[in-house]
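For clarity, every value in this text was computed on a predicted model and none was experimentally measured.
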Amino acid sequence: MDVVGDLLARDRRSRDPALVTPDGSERTAHDLITNAYKAANVLRYLGVREGSTVAIDPTPGLHTALAFLGAAGLGAAVRFDPTAGAEAGDRVVVVPVAAEPTIDPSPGTNLTAFGGPPERPETTHWEQELWSENPATPPSTVSPDDPVVRDDRGTVSHGRLVGAAAAVATDRGIDAGTRVVLRTSFADPRALAVGVIAPLSAGGVVVLEGRPEKATKETETGSEPRGDLAVVDGADADPPEPARVDVASLPALDG
């Protein structure tokens, strides 16, 4: 695996679980990959191409995960700071509908909102476009040296993000079936590497729980989300899982 888009290869689609959202809903690898194609096509419709930047709300969830995978598959860099992205003129800004009034896009920036119909007519309704979009694989040419995450510290390349994920997967024994619970935001690329890229690349399951104070504790079965590994940001109390990775203790990926 050389770039994030390799996670979305058609032959990786299966009925095995791949993602659990904060409300406890489970998505198979087939669902996740197919919907990531749709997300990429929505972003292409909004003008995203190789070299573009897409600003996405950093809160872990289905739509923010799909937007990240879709943008990465197109060869666009992702900035997990919608306000900064709107100010910088990023091509697309993706936010929950409640945040729509707080975002003032620069000329040339398209705003799209999820979680319900937006108020402004010029704001794209993310779910409406996503669920009606073509699930075909979007064309792109992405290299390991291309940036995939952008923030005020610099950029992280596809190769570096995927490499960090592979190293952690080997070190922590993440493999097929491993459930990795992400208890922090997408804003730190190390959290993306450990909590999303590593389990998906190994055939494991990403469990999106988000920040501890905002975590949804109940799953469909009424029990707390459990995993083989918990990914935290240093502010979380010791979780009940048998192991954890504190992203603050990992080497920085950007600079």
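- Judged by distance alone, with hydrogens and angles left aside, the side-chain atoms of Arg190 form no donor-acceptor pair with the main-chain N or O of Ala164 at under 3.5 Å.
- We find the CG-OG1 distance between Asp175 and Thr170 to be 10.5 Å, quoted to the nearest 0.5 Å.
- Nearest approach of His63 to Phe114, heavy atoms of both residues: CB-CG, 3.9 Å.
- Here the side chains of Val92 and Ile56 are not in contact, with every heavy-atom distance at 4.5 Å or above.
- Side-chain atoms of Asp151 come within 3.5 Å of backbone atoms of Gly154 as a donor-acceptor pair (strictly under, hydrogens ignored).
- Glu119 places no side-chain N or O within 3.5 Å of a backbone atom of Pro101 that could act as its donor or acceptor partner.
- No side-chain donor-acceptor contact under 3.5 Å links Arg91 to the backbone of Ala55.
- For Ser132 (side chain) and Glu129 (main-chain N/O), a donor-acceptor pair under 3.5 Å exists by modelled atom type.
- Residue pairs that meet the side-chain hydrogen bond (donor to acceptor under 3.5 Å, both in side chains) test with at least one member in residues 94-111, sequence neighbours left out, are Glu100-Thr123.
- A donor-acceptor pair under 3.5 Å is formed between the side chain of Arg160 and the backbone N or O of Leu253.
- By the 30° and 60° cut-offs, the orientation of the rings of Phe80 relative to Phe186 is tilted.
- Placement of Leu200 and Ile174 within a single hydrophobic cluster is found when ILVMFWY residues are connected by side-chain heavy-atom separations under 4.5 Å, directly or transitively.
- Between Ile103 and Pro105 the shortest side-chain heavy-atom distance falls below 4.5 Å.
- Closest non-hydrogen pair, Leu130 versus Lys38, comes out as O-CD, 3.3 Å.
- A side-chain donor-acceptor contact under 3.5 Å links Asp6 to the backbone of Asp2.
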Evaluate the criterion side-chain contact (heavy atoms from CB on, under 4.5 Å) for residue pair Arg120 and Leu111; output intermediate values, then yes/no. CA-CA 10 Å; Arg120 303 173 192 164; Leu111 178 63; 3.6 Å; yes
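- Side-chain contact of Thr21 with Asp23: a donor-acceptor pair under 3.5 Å is present, judged by distance alone.
- Residues Val194 and Leu250 are in side-chain contact: their nearest non-hydrogen atoms beyond the backbone lie under 4.5 Å apart.
- Of the possible donor and acceptor atoms, none in the side chain of Arg27 sits under 3.5 Å from a partner among the backbone N and O of Pro17.
- Linking Ile, Leu, Val, Met, Phe, Trp and Tyr whenever their side-chain heavy atoms come within less than 4.5 Å puts Leu62 and Leu69 in one cluster.
- At a threshold of 4.5 Å between non-hydrogen side-chain atoms, the residues Val162 and Pro144 do not count as touching.
- Rounded to the nearest 0.5 angstrom, Arg12 CZ and His30 NE2 are separated by 13.5 Å.
- The shortest distance between side-chain heavy atoms of Arg172 and Val180 does not fall below 4.5 Å.
- At a threshold of 4.5 Å between non-hydrogen side-chain atoms, the residues Arg15 and Asp31 count as touching.
- Looking at heavy atoms from C-beta onward, Leu7 lies in side-chain contact with Ser201 at the 4.5 angstrom threshold.
- The side-chain hydrogen bond (donor to acceptor under 3.5 Å, both in side chains) contacts involving residues 64-84 comprise Arg79-Asp90, where partners must be two or more places apart or lie in separate chains.
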For side-chain contact (heavy atoms from CB on, under 4.5 Å), just list the numbers for Phe68 and Val54, CA-CA rounded to whole Å, side-chain angles, deciding distance to a tenth of an Å, and then say yes or no. CA-CA 8 Å; Phe68 164 67; Val54 178; over 6 Å; no
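- Under a hydrophobic-cluster definition in which Ile, Leu, Val, Met, Phe, Trp and Tyr are linked whenever side-chain heavy atoms come within less than 4.5 Å, directly or via other members, Val3 and Leu161 are assigned to different clusters.
- At distances below 3.5 Å, at least one donor-acceptor pair connects side-chain atoms of Asn41 with backbone N or O atoms of Asn134.
- At least one donor-acceptor pair closer than 3.5 Å links the side chain of Ser14 to the backbone N or O of Asp16.
- Leu43 approaches Ala71 most closely through the heavy-atom pair CD1-N, 3.6 Å.
- Both Val196 and Leu19 are assigned to one and the same hydrophobic cluster, defined by single-linkage of ILVMFWY side chains at heavy-atom distances under 4.5 Å.
- Here the options are Leu192, Val149, Val148, the test is side chain to side chain contact (heavy atoms under 4.5 Å, CB included), and the partner is Val4; only Val148 passes.
- The CZ atom of Arg13 sits 11.5 Å away from atom CG of Leu32, with the distance rounded to the nearest 0.5 Å.
- Atom OG1 of Thr34 is separated from atom CD of Glu133 by 13.0 Å, given to the nearest 0.5 angstrom.
- When all heavy atoms of Ser185 and Pro58 are compared, the closest pair comes out as CB-O, 3.5 Å.
- Clustering ILVMFWY residues whenever any of their side-chain heavy atoms sit less than 4.5 angstrom apart, transitively, puts Val42 in the very cluster that holds Val48.
- The shortest non-hydrogen separation linking Pro118 to His125 is CD-CB, 3.7 Å.
- Contact record, Thr184 with Pro60: O-CG, 3.2 Å, taken as the closest heavy-atom pair.
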